[in-house]
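Each chain gets a letter, A, B and so on, in the order its sequence line appears, and its residues count up from 1. Remember, it's a predicted structure, so these values are computed and weren't measured experimentally.
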Amino acid sequence: MVQDGNPPDDNVFRAFCNALYNTVDAPVTWFRETVVEPNQKKYPWYHQNYRRVPTIDQCYDDDVVCDFEANAQFKRDRAVDSEILSILRQRYEDCMMYEQPDHATKCRSLWDKYKSAEEAWFIKYGDLGAYGDARKAYMKQKHRMVWERRNGPLSDLTK
Amino acid sequence: MVSWSALGRSFGINLVKNSLKSPNKIQNVTFTTAKTLKGSHGERTMALQPSRWQWHKFKDMLHFYMMVGLIPAGALIFYCNVFIGPAQLTPIPEGYTPKYWEYHRHPITRFIARYIHNNPQQDYEKFMHFLDEEQQRIKLRALEKEIIKKMAERQDYQAYYYKPMVNKYLRMNKRTGDELYNRIGDDYKD
């Protein structure tokens with residue numbers, strides 16, 4: 001929000017607000033641009049790519065090592081899926097903040113996408129409890145499929 | 001009760017006030033129970049109040065030991081952020097496996113990951129090896145238990161009564177027995 005000052009702002013109130021903001025912002029920005037940034041070294045960091053390992057349904061039931069690896073992969077996948085859901089939720093919320101009070105109509109597509117993603121997340125990871133691991137999720141899926149075979153589909157996502 | 005202590009306090013103050021009728025000056029220094037402001041110009045006053053030395057000493061020590069920690073840590077953090085700076089996120093180049101500390105952004109985190117912590121992949125694989133070894137022991141013990149149960153159930157295997165032998169003690173006993181025979185002979189009556 002720091003002004004470049006190219007066309008000087010006619011609006012007195014806005015200029016005043018900017019001046020007030022800059023009493024704190026300008027020295028900090030000056031310090032960063034003159035002292036900090038020239039002296040910082042440029043070097044890379046990377047995002048770790050984990051190899052895919054066999055999932056819990058591909059492991060023998062007495063194979064502890066396979067179970068441990070599948071569980072670690074399950075936890076990573078759950079973290080990633082939670083972040084994805086969080087991003088979709090943020091998109092809807094930003095739209096809602098911007099479009100208040102018409103957000104029900106203007107942000108409808110974002111809302112629908114978020115809701116279906118949330119439903120999918122809950123089908124896979126929901127209600128597993130504090131010690132939920134890959135095996136419990138697998139059993140949940142099995143029970144759901146058995147229930148659906150007897151009683152018909154639970155939602156559009158599981159047809 | 002509150003009222004009694006207030007009575008005691010006012011009693012003490014009244015005693016001092018009664019003895020300090022007028023501004024009490026001894027050798028050009030005014031003794032007063034009033035709160036004094038420390039001004040260099042103005043009358044020299046000696047405040048007749050309980051000592052605040054312990055409070056002042058506490059503050060001194062608190063500030064000193066806090067600064068002993070904060071100033072080196074602050075200097076280190078300032079140096080790391082200004083003269084080294086955080087890393088830039090880049091895609092992994094072809095054919096290069098990054099070292100395990102290169103997955104962190106801040107230089108201090110990278111330092112800790114590199115020199116203090118172990119390689120997480122090494123820890124992961126060591127733990128899996130440990131799990132595998134324990135699993136083998138579990139399987140062996142379960143098998144032994146199963147076999148002994150079956151032998152007890154069917155009573156058809158003599159090894160059920162087998163006790164493992166150590167020959168060391170047999171040899172010692174035999175040697176003792178031979179020595180006794182050499183000394184005494186076989187002194188027995190048929």
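Here Ala87(B) is the residue among Pro91(B), Pro98(B), Gly85(B), Ala87(B) with the most heavy-atom pairs under 4.5 Å with chain A. The candidate from Lys139(B), Glu134(B), His104(B) with the greatest count of non-hydrogen atom pairs under 4.5 Å with chain A is His104(B). Counting heavy-atom pairs closer than 4.5 Å to chain B, the top residue among Glu37(A), Gln48(A), Lys42(A), His47(A) is Gln48(A).
In this structure, chain B has a heavy atom under 4.5 Å from the side chain of Phe31(A), while its backbone stays farther away. For Pro86(B), the parts lying under 4.5 angstrom from a heavy atom of chain A are both the backbone and the side chain. Tyr96(B) touches chain A through its side chain: at least one heavy atom from C-beta onward sits under 4.5 Å away, while N, CA, C and O do not. Using a 4.5 Å cut-off between heavy atoms, Glu69(A) touches chain B through backbone and side chain atoms alike. Residue contact with chain A, scored on non-hydrogen atoms closer than 4.5 Å, involves the side chain of Phe127(B) exclusively.
Using a 4.5 Å heavy-atom threshold, the side chains of Gln135(B) and Asp62(A) count as touching. Side-chain atoms of Asp132(B) and Val64(A), non-hydrogen and from C-beta on, never get closer than 4.5 Å to each other. In this structure, Pro107(B) and Tyr43(A) have side chains that are in contact, with non-hydrogen atoms separated by less than 4.5 Å. Residues Gln40(A) and Val82(B) have side chains not in contact (no heavy-atom distance under 4.5 Å, counting atoms from C-beta outward).
No continuous path of hydrophobic side-chain contacts links Ile56(A) to Ile123(A) [ILVMFWY only; heavy atoms under 4.5 Å]. Note on Tyr115(B) and Ile108(B): separate hydrophobic clusters, where clusters join Ile, Leu, Val, Met, Phe, Trp and Tyr whose side-chain heavy atoms are under 4.5 Å apart, directly or indirectly. If you chain together hydrophobic residues whose side chains sit under 4.5 Å apart, Leu89(B) and Ile84(B) never meet in one group. Ile112(B) and Ile77(B) fall within the same hydrophobic cluster, defined by Ile, Leu, Val, Met, Phe, Trp and Tyr side-chain heavy atoms under 4.5 Å apart, directly or through other members. Cluster membership check: Ile87(A) does not share its hydrophobic cluster with Val80(A), using side-chain heavy-atom separations under 4.5 Å among Ile, Leu, Val, Met, Phe, Trp and Tyr.
Atom-to-atom distance recorded for Thr109(B):OG1 and Trp45(A):CH2 is 10.0 Å, nearest 0.5 angstrom. To the nearest 0.5 Å, the span separating CG on Asn39(A) from OH on Tyr79(B) amounts to 9.5 Å.
Counting non-hydrogen atoms of neighbouring residues, nucleotides and ligands closer than 6.0 angstrom, the CD atom of Gln121(B) reaches no more than 12 such neighbours. In this structure, Arg91(A) places its CZ atom where only 12 or fewer heavy-atom neighbours from other residues, nucleotides or ligands lie under 6.0 Å away. More than 12 non-hydrogen atoms from other residues, nucleotides or ligands lie less than 6.0 angstrom from NZ of Lys59(B). Summarising the local packing, CZ of Arg108(A) is surrounded by 12 or fewer heavy atoms from other residues, nucleotides or ligands at distances under 6.0 Å. Within a 6.0 Å radius of CE in Met139(A), more than 12 heavy atoms belonging to other residues, nucleotides or ligands are found.
Ring planes of Tyr124(B) and Phe68(A): tilted class, angle from 30 to 60°.
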